[in-house]
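Quick notes on the structure that follows.
Heavy-atom basis, side chains included; hydrogens, waters and symmetry copies ignored. Model, not experiment: these values are computed from the prediction.
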There are 2 protein chains.
Amino acid sequence: MARSALTREEVLDAAAALVRRHGPAALTMRGLAAELGTAVTSIYWHVGNRESLLDALVERTVLEMGAIRPSGRTPAERIVSVARLLRRELRERPHLIAMVHERGLTERMFLPAQQALVQEVGAAGLRGARAADAVRAIQFQIVGYLLVERNRERSPAQSPGEGELWGPDAAPGDPALSRALASPPDPERLFLLSVRALTRALLAPDPASRG
Amino acid sequence: MARSALTREEVLDAAAALVRRHGPAALTMRGLAAELGTAVTSIYWHVGNRESLLDALVERTVLEMGAIRPSGRTPAERIVSVARLLRRELRERPHLIAMVHERGLTERMFLPAQQALVQEVGAAGLRGARAADAVRAIQFQIVGYLLVERNRERSPAQSPGEGELWGPDAAPGDPALSRALASPPDPERLFLLSVRALTRALLAPDPASRG
DNA sequence: ACCTGAACACCGTTCAAGT
DNA sequence: ACCTGAACACCGTTCAAGT
């Protein structure tokens with residue numbers, strides 16, 4: 001039972017493991033103390049209180065999202081590759097990402113990606129305010145899509161499900177459309193399709209045609 | 001002090017008011033009972049428990065998002081008008097929308113909007129699987145953008161803020177770009193710009209050019 | 001059918017006391 | 001500098017008892 005001195009890192013590691021497995025609600029100070037084999041109050045000495053413990057976990061997660069290396073030949077391809085990388089990273093830490101989001105740090109977490117996008121948009125020939133708009137639009141698109149996708153996965157069987165709502169006469173005269181909407185989308189395919197479409201529109205030489 | 005019989009509606013109204021003002025964390029069963037002037041346990045008789053009380057509030061919110069009437073002359077304009085309407089509705093109920101999201105019902109909440117989009121995409125000449133892709137891409141885009149925007153607003157002063165990170169040499173050779181990224185975006189403008197760009201790309205006659 | 005208070009098993013947090 | 005148990009003020013929930 002002899003345990004070496006408790007450290008802040010040790011507390012954070014145990015807390016992160018708990019959150020990764022069962023989500024933040026499963027992280028109680030008493031449960032964490034039990035896991036670590038110490039008194040509850042020791043944890044307070046090392047990390048302050050529960051709120052700042054969660055803050056520290058979030059901070060860690062933000063730092064872990066640091067390195068983004070685009071790949072591909074054209075700027076458009078490289079932008080899409082950034083999108084893919086982000087998608088994979090996010091899907092590995094669903095609970096922690098949700099916490100980053102709740103704390104309003106989503107934007108900060110994506111700053112490395114934003115810098116990569118700045119690079120690519122510049123390589124595509126965009127400058128100044130128009131380049132900034134393009135970077136932000138793509139960034140919002142990627143992050144937003146991933147949030148929606150996460151939401152879909154977490155959701156229980158929706159009632160009424162899309163399947164029921166998109167019966168044969170939901171889209172009159174287009175049974176193929178009804179059928180397509182009645183079956184669940186392929187998230188990866190739709191993600192790439194969306195990012196490609198937006199990128200294409202934003203990098204297009206002439207911005208005059210406004211919908 | 002004579003109070004008329006407590007009803008389920010009354011409980012939901014008081015709970016919704018509490019959540020609208022101070023968020024779900026401020027909704028405690030004991031506090032709600034105090035507000036209503038009853039014993040805590042009476043609430044349990046009417047709504048089950050806290051979890052199903054929150055479920056009921058979410059259900060209400062989903063139903064309130066029912067009516068969507070597009071406006072505008074072209075399909076593209078009408079799609080953008082749907083986006084605008086959704087944005088306004090969402091911004092009026094931030095806490096409740098977050099709860100809908102947490103419960104994984106975001107998609108269901110947007111079904112009326114989806115139906116409007118189906119209509120417009122069809123009017124623009126898209127059919128079958130390609131129409132379904134366009135509807136979903138636009139829907140994900142709108143919902144995702146609004147989630148990200150909400151997140152930005154809720155976030156405290158970000159450290160380090162974008163202002164500090166986008167100093168003059170962040171985008172070498174393009175000071176105008178650096179300046180644009182250092183100042184906060186105009187969310188409404190960026191929203192419209194994004195939706196328009198994606199819509200333009202998706203409704204374009206030739207889908208052959210893939211990034 | 002509806003309401004009640006008492007009790008239970010949990011929380012996060014503080015604090016004085018230890019070494 | 002680090003750890004501890006006891007105590008406080010909260011939770012959500014259950015239950016037997018009232019009308």
Exercise. Applying the side-chain contact (heavy atoms from CB on, under 4.5 Å) test to A:Leu146, which of A:Glu89, A:Arg91, A:Arg87, A:Gln141 qualifies?
Worked result: A:Arg87
Exercise. Is any side-chain nitrogen or oxygen of A:Ser42 closer than 4.0 Å to OP1 or OP2 of D:dT4?
Worked result: yes
Problem set entry | Rounded interatomic separation in angstrom, taking CD1 from B:Ile43 and C1' from D:dC11 | 14 Å
For this session: Please determine if a side-chain N or O atom of B:Asn49 lies less than 4.0 Å away from the OP1 or OP2 oxygen of D:dG12.
Result: no
Exercise. What is the ring orientation for A:His101 with B:His101, classed by angle as parallel under 30°, tilted 30 to 60°, or perpendicular over 60°?
Worked result: perpendicular
Exercise. Can A:Ser52 and A:Asn49 be counted as having a side-chain donor-acceptor contact under 3.5 angstrom?
Worked result: yes
For this session: Go ahead and name the base partner of D:dT14; Watson-Crick or wobble counts if both distances stay under 3.5 Å, otherwise write none.
Result: C:dA6
Seminar exercise, completed: Judged by nearest nucleotide, the residue sitting upstream toward the 5' end of DNA chain C, B:Arg30 or A:Thr28, is B:Arg30
Seminar exercise, completed: Residue pair B:Gly31/B:Gly48 against DNA chain D: nearer the 5' end by closest nucleotide is B:Gly31
Problem set entry | Minimum-distance nucleotide to B:Met29 side chain [options: C:dC3, D:dC15, D:dT13] | D:dT13
For this session: Give the nucleotide from the list D:dT4, C:dT13, D:dG12 with an atom nearest to the side chain of B:Arg50.
Result: D:dG12
For this session: With the side chain of A:Trp45 defined as its heavy atoms from C-beta on, choose the nearest nucleotide among C:dC15, D:dC2, C:dC3.
Result: D:dC2
For this session: Provide, to the nearest angstrom, the distance between the CG atom belonging to B:Leu36 and the P atom belonging to C:dC2.
Result: 16 Å
Exercise. Going by heavy atoms in the side chains, are A:Arg78 and A:Gln119 under 4.5 Å from each other?
Worked result: no
Problem set entry | Nearest-neighbour nucleotide for the B:Tyr44 side chain, D:dT14, D:dT4, C:dT14 considered | D:dT14
Exercise. Can a side chain N or O of B:His46 be found less than 4.0 Å away from OP1 or OP2 on C:dA1?
Worked result: no
